[in-house]
Q: 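This structure is in structure tokens; I'll ask about it shortly.
Per chain, numbering begins at 1; letters A, B, ... match sequence-line order. On a predicted model such as this, the values are computed, not experimentally measured, just so you know.
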Amino acid sequence: MNKVQHSEKEEQLLKKLREIILRDDRAELNHLQDLINDPKQLSSKVSPIIDEHIDFLKQNFPIEFEKAVDKLVEKKIVESQDQIVNLIYPKLDLMIKKYVTSMFQKLKDSIDERLDNVKTTFSFNGIKARFTSVFTGVKQSDIILTDIGAVVIEEIFIIQQDSGLLVAVASKSKHIDQDVIAGMLTAIKSFVEDAFDKGSEDLEMIRYENSKIFLLNFQSYYFAVSLTGSLSEIEKEKLSEELITFAKEDLPFNINDITEASFKEASEKLDLSFFTEARAKENQKIESQ
Amino acid sequence: MISKKVILTGSFGVGKTSLFNKFIHDKFSDKYLTTIGVKVNKKSVSVDGQDISLLLWDIAGEVSQEKVPTSFYLGASAIIFVFDLTRPSTFNQIAANITYLKGISGNAIIKVVGNKRDLVDDEDITRIKETIEMPWDILTSAKTGANVEDLFHGLAKEFI
Ligand SMILES: Nc1nc2c(ncn2[C@@H]2O[C@H](COP(=O)(O)OP(=O)(O)OP(=O)(O)O)[C@@H](O)[C@H]2O)c(=O)[nH]1
Ligand SMILES: [Mg+2]
């Protein structure tokens, strides 16, 4: 019993003793606790230290640090190139379309200003030329194709780049004024390409209301294929390949001197390669009906 | 048949389209419909029994020739520079204009044409002749048709 009592007393003594010994520490502890719990107080204490540290970093690390970050960014860009390109392209396409539209608007406005009587002569077979242009390399996925249906090649022109003169032409059915159309196409192509101050980008597609003209450029001449229906990427590839094969196999090397004979020969070959078979098929169809 | 690209250029309203229409369709209108961009049309002419097809590019007039897209001039066999005899502003820069055109067109034939001859008299012509920086090749009137055929036939002759 005594022992218990003693120990109780001892306990109380010890407690007191502890309080006496630890009082200062406890006060310190409480102060610290307050400091941590109050952000204002904490920041006033910590900020100078951090600032000092930042200053130190600023003075001692930048070169090494920059190099490391640069490398990291570079690597990231290389790794995600496709992603970036995909992100940018649709925007580019939109910008180009907007640009063409605004170019034409500007052109029209400046002339409207000059006169009241405005006639659009930038026309194709008399149709008002409302066209959008698509440059090579621009993704077409977000271009809405309004007319659905199988592609039909109506007419193929081979046109001298600079002069717009016809090298050869073949079509599903006979058309008139093909050399005038060739000239107009070249004029439009020149105009749009000039407006963009293009480097290596060539105009790839011209659209007028319902018809499309696909363009494939070579050094001294270009193909202009007038189509109805919508041309898928795969069909476009295939058509390009066929045209390239034709260019390699059937076009005289020197296209610069167009003569009556060269025009006739190239046009016949063009007809043979692209229309003769289609025409025969169509006739067969008619006969079997 | 051989084809040649021929460009009609000069300040606005000088009568490029009128010369083009007079030559191709034998038509003239007093109405002024300014050209936007360019219009291409053709006409065949016969020179000493040989047919030659002229592909005429009627381009929108610009006060300063530098404003015309240079690619329009590529591959041209001839450039017809038209000025308006009634408007000195269309010919007072003529030397600089022709120098510029020569510079960008390689070896194309350049013809200097004073149009609207019907609106000026002989006295005016003498006066203009004294002040203009360089001589013209021919004076035309798209309205009366004077010298229009001669202008294009003359060119065709030079091509052969
Ligand atoms: N009296 C007269 N009027 C002319 C002659 N040629 C053109 N005009 C008139 O001049 C105006 C302008 O003629 P355009 O042929 O449209 O001029 P342009 O050079 O094609 O003008 P842009 O297309 O704006 O560059 C029209 O009202 C014509 O009728 C001419 O020989 N005589
Ligand atoms: Mg005109």
Q: Looking only at non-hydrogen atoms, find the nearest pair between B:Phe72 and A:Ala187 and report the distance.
A: CE1-O, 3.4 Å
Q: Does B:Glu158, at its CD atom, have more than 12 non-hydrogen atoms belonging to other residues, nucleotides or ligands within less than 6.0 Å?
A: yes
Q: Of the non-hydrogen atoms in B:Lys39 and A:Met184, which two are nearest, and what is the gap between them?
A: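 In this case the closest contact between B:Lys39 and A:Met184 is CA-SD, 3.9 Å.
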Q: Against chain B, label A:Leu165 side chain, backbone, both or neither, depending on which of its atoms sit under 4.5 Å from a heavy atom there.
A: side chain
Q: Can you tell me if B:Glu66 has over 12 outside heavy atoms packed within less than 6.0 Å of its CD?
A: yes
Q: Mind ranking B:Thr70, B:Asp58, B:Leu56, B:Leu55 by heavy-atom pairs under 4.5 Å with chain A and telling me who comes out on top?
A: B:Leu55
Q: Would you check if the side chain of B:Lys5 reaches a backbone N or O of A:Asp162 as a donor-acceptor pair within less than 3.5 Å?
A: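 Yes.
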Q: If every non-hydrogen atom of B:Gly75 is compared with every non-hydrogen atom of A:Ser163, which pair is closest and at what distance?
A: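 Minimum heavy-atom separation between B:Gly75 and A:Ser163: O-CB, 3.4 Å.
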Q: Count the heavy atoms belonging to other residues, nucleotides or ligands that lie under 6.0 Å from CD1 of A:Ile234, then report whether that count exceeds 12.
A: no
Q: If I compare all heavy atoms of B:Ser53 with all of A:Asp179, which pair ends up nearest, and what's the gap?
A: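 Where B:Ser53 meets A:Asp179 most closely, the heavy atoms are OG-OD2, 4.4 Å.
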Q: Would you say B:Asp121 has more than 12 foreign heavy atoms packed within less than 6.0 Å of its CG?
A: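 Atom CG in B:Asp121 is packed in, count exceeds 12.
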Q: Please say whether more than 12 non-hydrogen atoms of neighbouring residues, nucleotides or ligands are located less than 6.0 Å from CD in A:Gln178.
A: yes
